[in-house]
S.K.: 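Take this structure, written in structure tokens, and hold onto it; I'll ask about it next.
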Amino acid sequence: MKTSRFHLATLKETPVDAEIVSHQLMLRAGLIRRLASGIYTWMPLGLRTLRKVEKIVREEMDRAGALEVLMPSIQPAELWQETGRWDQFGPELLRLKDRHQRDFCIGPTHEEVIADIFRREIKSYKQLPITFYQIQTKFRDEIRPRFGIMRAREFIMKDAYSFHVGQESLQQTYDVMYQAYSKIFDRLGLAYRSVTADSGAIGGNSSHEFHVLADSGEDAIAFSNQSQYAANVEMAEAVPGDKTRAKPGAAMKTIDTPGKHTIEEVAKTPGIDIDKCLKTLIAEADDGGLVALVLCGHHELNPLKAEKLEGVASPFKLAERDNINAQLRIDIGSIGPVGLEIKIYVDRSAALVSDFVCGANADGQHYINANWGRDCDEPEVVDIRNVEEGDPSPDGKGRLKILRGIEVGHIFQLGDKYSESMQATVLDENGKEAVTKMGCYGIGITRIVAAAIEQNNDASGIYWPDSLAPFQLVICPINYHKSERVKKAAEDLYQDCLKRGIEVLLDDRPLRPGVMFSDMELIGVSHRIVLSERGLSAKQFEYKGRRDQSASNYELTELPSFLDGLFKRTCKSA
RNA sequence: CGGGGUGUAGCGCAGCCUGGUAGCGCAACUGCUUUGGGAGCAGUGGGUCGGGAGUUCGAAUCUCUCCACCCCGACCA
């Protein structure tokens with residue numbers, strides 16, 4: 001491709017409303033353009049990379065034995081009513097009516113459609129297991145789309161669905177998919193982690209998320225520095241650093257802490273150690289009452305864990321201040337477990353603190369030297385906090401480190417949730433009707449592009465992994481339009497590269513070198529060859545890899561073997 | 001949804017407070033010069049100032065209204 005015939009839509013200035021670096025660079029490099037909030041056009045350059053992601057995903061899905069289909073993006077309401085999700089889904093589901101006033105939605109996912117196809121097509125256990133997949137545009141009407149492609153409303157997803165008789169078969173395919181996903185992210189050339197994840201309300205035994213590691217990632221991942229353990233922070237079991245609780249010391253005492261409500265404020269009181277401070281959070285109970293949750297002052301509550309406790313309202317909700325005032329007759333900021341007459345759950349770590357500091361259930365007063373089992377009941381110990389860096393790994397090996405990641409893949413076992421409500425059944429070997437088990441496997445195709453940039457960028461722009469670069473090589477001729485000799489050399493090299501099957505870009509624009517170079521670095525072309533009068537006279541060409549600090553000169557006679565070396569894996573045989 | 005903010009040329013912005021009919025940089029176009037890291041000079045084109053209504057002799061500017069977009073939203077007990 002010659003740049004004069006391509007639409008290189010680079011921008012010098014960063015659009016002001018692009019918040020994260022991948023969004024900025026995608027706009028500046030001309031990969032995408034915004035059409036409406038959370039809705040983007042893929043420009044020619046961006047589409048080249050997007051197609052590469054698709055190709056790798058498609059190849060690995062095919063290799064894993066999945067069958068590609070393409071389902072409609074517009075889906076009839078009846079299917080969603082069958083599973084009850086028409087009502088459950090809320091405003092995230094974009095609904096519309098056709099001219100006959102029939103209800104439809106734009107598919108945010110395709111469980112219903114695939115289950116419908118399945119029940120029409122598959123009748124016998126002999127046809128199982130079977131896995132269908134598609135690469136399709138989805139729409140989720142996010143409350144707040146942001147970060148460009150990263151959290152867009154319209155996006156492209158690869159979604160696959162497997163059907164089975166029996167858990168064992170499901171587990172087998174799940175494992176195959178896990179391997180396929182690992183292969184995909186290996187081939188994409190991204191630093192990633194697979195982590196055990198929350199399988200959510202759907203249930204099922206196994207669930208893994210695949211995260212591309214990047215500091216700007218929205219999810220925190222905890223993993224062991226000594227073992228393979230890795231989990232979403234929300235899911236990771238919090239194990240206390242201490243093993244046992246020290247014996248109580250001095251008697252409990254009330255101190256005045258006027259105006260001090262937060263742990264930070266209380267800890268400033270002379271003689272108080274922040275590690276001894278416990279905080280008492282009040283959550284709504286499922287019967288309209290309140291539940292107390294006690295944690296160490298510096299720990300963070302994990303609402304997902306808390307809402308699973310008996311008596312705690314689900315979804316989890318901290319109680320409103322007015323509600324607390326009304327039911328407990330105490331104001332927030334001075335609540336503590338001593339003498340508190342509601343259900344109290346205590347985090348594992350908090351339960352191991354002796355001589356602790358806590359609210360005295362009277363405004364402006366705290367207790368010091370309070371102790372479980374002495375000044376109040378022995379605690380009901382639960383795991384309700386987020387893990388922190390340095391916590392022991394739950395598998396007993398090593399300590400946890402925390403990294404940030406961008407979720408780009410998620411596999412889980414649906415079990416019979418959809419197959420049952422939609423009667424996706426087959427006849428088993430006894431001629432009896434059997435409800436199938438389903439697996440579901442998603443990859444965010446468009447998000448991968450953004451995540452790849454988020455992970456691979458520098459001051460000049462994007463540096464793609466080889467597998468994703470929109471072009472492999474750019475030829476930058478200096479004075480292409482003035483020097484016949486440079487022009488001929490560039491054209492010859494260009495033709496040679498095309499013959500070799502290299503995805504090559506010839507920058508034949510009448511631009512100063514600096515402009516060419518910075519454009520090519522911005523869009524992330526992996527390799528650059530410069531041809532100039534000066535170089536040709538010395539029988540040399542110049543090469544610079546996108547991430548190299550500086551360029552190097554090589555003899556022109558070595559050019560063919562140089563190209564062989566650079567592209568030996570990707571070239572078609574000449 | 002709640003809170004905050006912004007809409008002026010393709011992009012980034014000034015002008016608004018204090019009303020007088022729109023400007024700067026980049027980009028684009030033409031010509032000349034320049035040609036190894038986002039060039040210089042000269043010239044040109046491009047705006048119903050987000051939409052509508054109102055106040056006024058006169059509105060980008062003041063008022064009302066609608067729309068679009070952006071940012072933040074348990075972490076406090």
Side-chain angles (χ1 to χ4, degrees), chain A residues 8-20 23-24 27-28 30 33-39 90-92 142-148 257 260-266 277-284 290-304 306-307 315-325 328 330-337 340 357-364 366 384-386 459-461 476-483 486 507 509-522 528 530-535 542 544 550-551 553:
Chain A
L8 263 191
T10 55
L11 302 175
K12 203 184 284 187
E13 291 179 270
T14 303
V16 71
D17 49 6
E19 198 72 3
I20 59 169
H23 188 196
Q24 293 169 356
L27 290 169
R28 281 194 56 208
R33 291 289 184 251
R34 194 184 68 87
L35 179 65
S37 177
I39 301 178
E92 207 173 76
E142 298 278 353
I143 302 172
R144 190 174 153 215
R146 53 186 134 176
F147 307 143
T257 51
K260 293 178 178 175
H261 297 297
T262 67
I263 291 291
E264 252 179 20
E265 288 162 1
V266 172
C277 293
L278 301 187
K279 62 183 174 188
T280 305
L281 284 67
I282 306 298
E284 291 185 0
L290 299 173
V291 181
L293 306 167
V294 180
L295 294 101
C296 291
H298 57 280
H299 282 150
E300 240 177 52
L301 176 73
N302 179 324
L304 289 179
E307 76 179 17
F316 181 84
K317 194 165 180 294
L318 283 170
E320 303 283 346
R321 182 179 196 150
D322 293 346
N323 190 4
I324 295 172
N325 293 161
L328 299 179
I330 315 168
D331 199 11
I332 59 176
S334 307
I335 304 176
L340 191 63
V357 179
C358 64
N361 299 325
D363 195 34
H366 279 73
I384 48 172
R385 71 171 173 94
N386 283 332
S460 306
C476 291
I478 312 283
N479 273 329
Y480 178 90
H481 292 270
K482 287 277 174 64
S483 164
V486 168
D507 200 344
R509 297 174 296 177
L511 293 175
R512 302 168 72 82
V515 182
M516 275 194 271
F517 296 162
S518 36
D519 259 358
M520 294 305 142
E521 283 162 8
L522 173 60
R528 181 182 87 194
V530 177
L531 296 173
S532 65
E533 276 288 342
R534 189 169 74 197
E542 178 193 292
K544 181 177 177 297
S550 56
N553 290 303

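Below, chains carry the letters A, B, ... as their sequence lines are ordered, and counting in each starts from 1.
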S.K.: Looking only at the side chain of A/Lys482 (C-beta and beyond, no hydrogens), which of the listed nucleotides B/rC69, B/rA77, B/rU34 gets closest?
M.R.: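 Among B/rC69, B/rA77, B/rU34, the one nearest the side chain of A/Lys482 is B/rU34.
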
S.K.: Among B/rG37, B/rG38, B/rC1, find the nucleotide with the atom closest to the side chain of A/Glu521.
M.R.: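 Selected nucleotide: B/rG37.
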
S.K.: Where the side chain of A/Ala36 is concerned, which of B/rG37, B/rG38, B/rC69 is the nearest nucleotide?
M.R.: B/rC69

S.K.: Atom CG of A/Leu340 and atom P of B/rA77: how far apart are they, to the nearest Å?
M.R.: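 Atom-to-atom, A/Leu340 to B/rA77, this comes out as 15 Å.
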
S.K.: Roughly how far apart, to the nearest Å, are B/rC70 and B/rA28 at atom P?
M.R.: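 Each nucleotide's P atom is 28 Å from the other's.
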
S.K.: Specify the closest pair of heavy atoms between A/Asn361 and A/Ile335, including all atoms of both residues, with the distance to one decimal.
M.R.: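 So the two residues come closest at OD1-CA, 3.3 Å.
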
S.K.: Do A/Ser483 and A/Glu533 have side-chain atoms, one donor and one acceptor, less than 3.5 Å apart?
M.R.: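 A donor-acceptor contact under 3.5 Å links the two side chains.
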
S.K.: If we call it a pair only when both distances are under 3.5 Å in a Watson-Crick or G-U wobble match, what pairs with B/rG7?
M.R.: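 Pair assignment: B/rG7 / B/rC67.
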
S.K.: CE of A/Met520 versus P of B/rG38: gap in Å, rounded?
M.R.: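 Value for this atom pair: 16 Å.
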
S.K.: Should A/Arg528 and A/Glu542 count as an ion pair when the cut-off is N to O under 4.0 Å?
M.R.: yes

S.K.: When both hydrogen-bonding distances must be under 3.5 Å and the geometry is Watson-Crick or G-U wobble, what is B/rU61 paired with, if anything?
M.R.: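 Because no pair has both required distances under 3.5 Å, B/rU61 counts as unpaired.
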
S.K.: Please round to the nearest 0.5 Å and tell me the distance separating atom SG of A/Cys476 and atom CG of A/Leu511.
M.R.: 10.0 Å

S.K.: Looking at B/rG31, which nucleotide sits across from it as a Watson-Crick or G-U wobble partner, both distances under 3.5 angstrom, or is there none?
M.R.: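 Looking at the geometry, B/rG31 pairs with B/rC41.
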
S.K.: Considering only side-chain heavy atoms of A/Arg512, which listed nucleotide, B/rG73, B/rG25, B/rU34, is closest?
M.R.: B/rU34

S.K.: For A/Glu142 and B/rC1, what is the distance between atoms CD and P respectively, to the nearest whole Å?
M.R.: 15 Å

S.K.: If you check the A/Ile324 side chain, which of B/rA77, B/rU34, B/rG36 turns out closest?
M.R.: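 Nearest to the side chain of A/Ile324 among the choices is B/rA77.
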
S.K.: Could you tell me the Watson-Crick or G-U partner of B/rG23, where both distances fall under 3.5 Å? Say none if there is no partner.
M.R.: B/rC13

S.K.: Just name whichever nucleotide pairs with B/rU18, Watson-Crick or G-U, keeping both distances under 3.5 Å, else none.
M.R.: none

S.K.: Should A/Pro337 and A/Cys358 count as side-chain neighbours, where that means a heavy-atom distance under 4.5 Å?
M.R.: yes

S.K.: In whole angstrom, give me the gap between the C1' atoms of B/rA59 and B/rG15.
M.R.: 14 Å

S.K.: What integer distance in Å separates A/Glu284:CD from B/rA77:C1'?
M.R.: 14 Å

S.K.: Find the distance A/Arg34:CZ to B/rG10:P and express it as a whole number of Å.
M.R.: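 That distance rounds to 14 Å.
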
S.K.: What's the CG-C1' distance between A/Leu281 and B/rA77, to the nearest Å?
M.R.: 6 Å

S.K.: Specify the separation, in whole Å, of atom CD1 of A/Ile478 and atom C1' of B/rG36.
M.R.: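 Atom-to-atom, A/Ile478 to B/rG36, this comes out as 5 Å.
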
S.K.: Quick one: on RNA chain B, does A/Pro145 or A/Asn479 contact a more 5' nucleotide (nearest heavy atom)?
M.R.: A/Asn479

S.K.: Could you check which nucleotide pairs with B/rG36 in any of the strands shown, counting Watson-Crick or G-U wobble with both distances under 3.5 Å?
M.R.: none

S.K.: I want to check one thing: is the phosphate of B/rG12, taken as OP1 and OP2, less than 4.0 Å away from some side-chain N or O of A/Thr14?
M.R.: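 For B/rG12, neither OP1 nor OP2 has a side-chain N or O of A/Thr14 closer than 4.0 Å.
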
S.K.: Nearest of B/rA27, B/rC75, B/rG36 to any side-chain atom of A/Lys279?
M.R.: B/rC75

S.K.: Please report the distance separating the C1' of B/rU61 from the corresponding atom of B/rU55, rounded so that it comes out in whole Å.
M.R.: 13 Å

S.K.: Taking the P atom of each, how far is B/rA9 from B/rU18, in whole Å?
M.R.: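 Pairwise P distance, B/rA9 against B/rU18, rounds to 25 Å.
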
S.K.: Of all the choices, B/rA27, B/rG36, B/rC71, which nucleotide is nearest to the side chain of A/Lys12 once you look at every atom?
M.R.: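 Selected nucleotide (nearest to the side chain): B/rA27.
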
S.K.: Of the nucleotides B/rG38, B/rC26, B/rA77, which has the atom closest to the A/Ile335 side chain?
M.R.: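 Of all the options, the side chain of A/Ile335 is nearest to B/rA77.
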
S.K.: With respect to the side chain of A/Lys544, which nucleotide from B/rG36, B/rG37, B/rA39 is positioned closest?
M.R.: B/rG37

S.K.: Rounded to whole Å, how long is the line connecting atom CZ of A/Arg509 with atom C1' of B/rG36?
M.R.: 16 Å

S.K.: With C1' as the reference atom in both, quote the distance from B/rC16 to B/rU35 in angstrom, rounded to an integer.
M.R.: 45 Å

S.K.: Using the closest heavy atom to pick a nucleotide of RNA chain B for each, name whichever of A/Arg146 or A/Met516 lands nearer the 5' end.
M.R.: A/Met516

S.K.: Taking the side chain of A/Ser37 as heavy atoms from C-beta outward, which of B/rG36, B/rG38, B/rC69 is closest to it?
M.R.: B/rC69

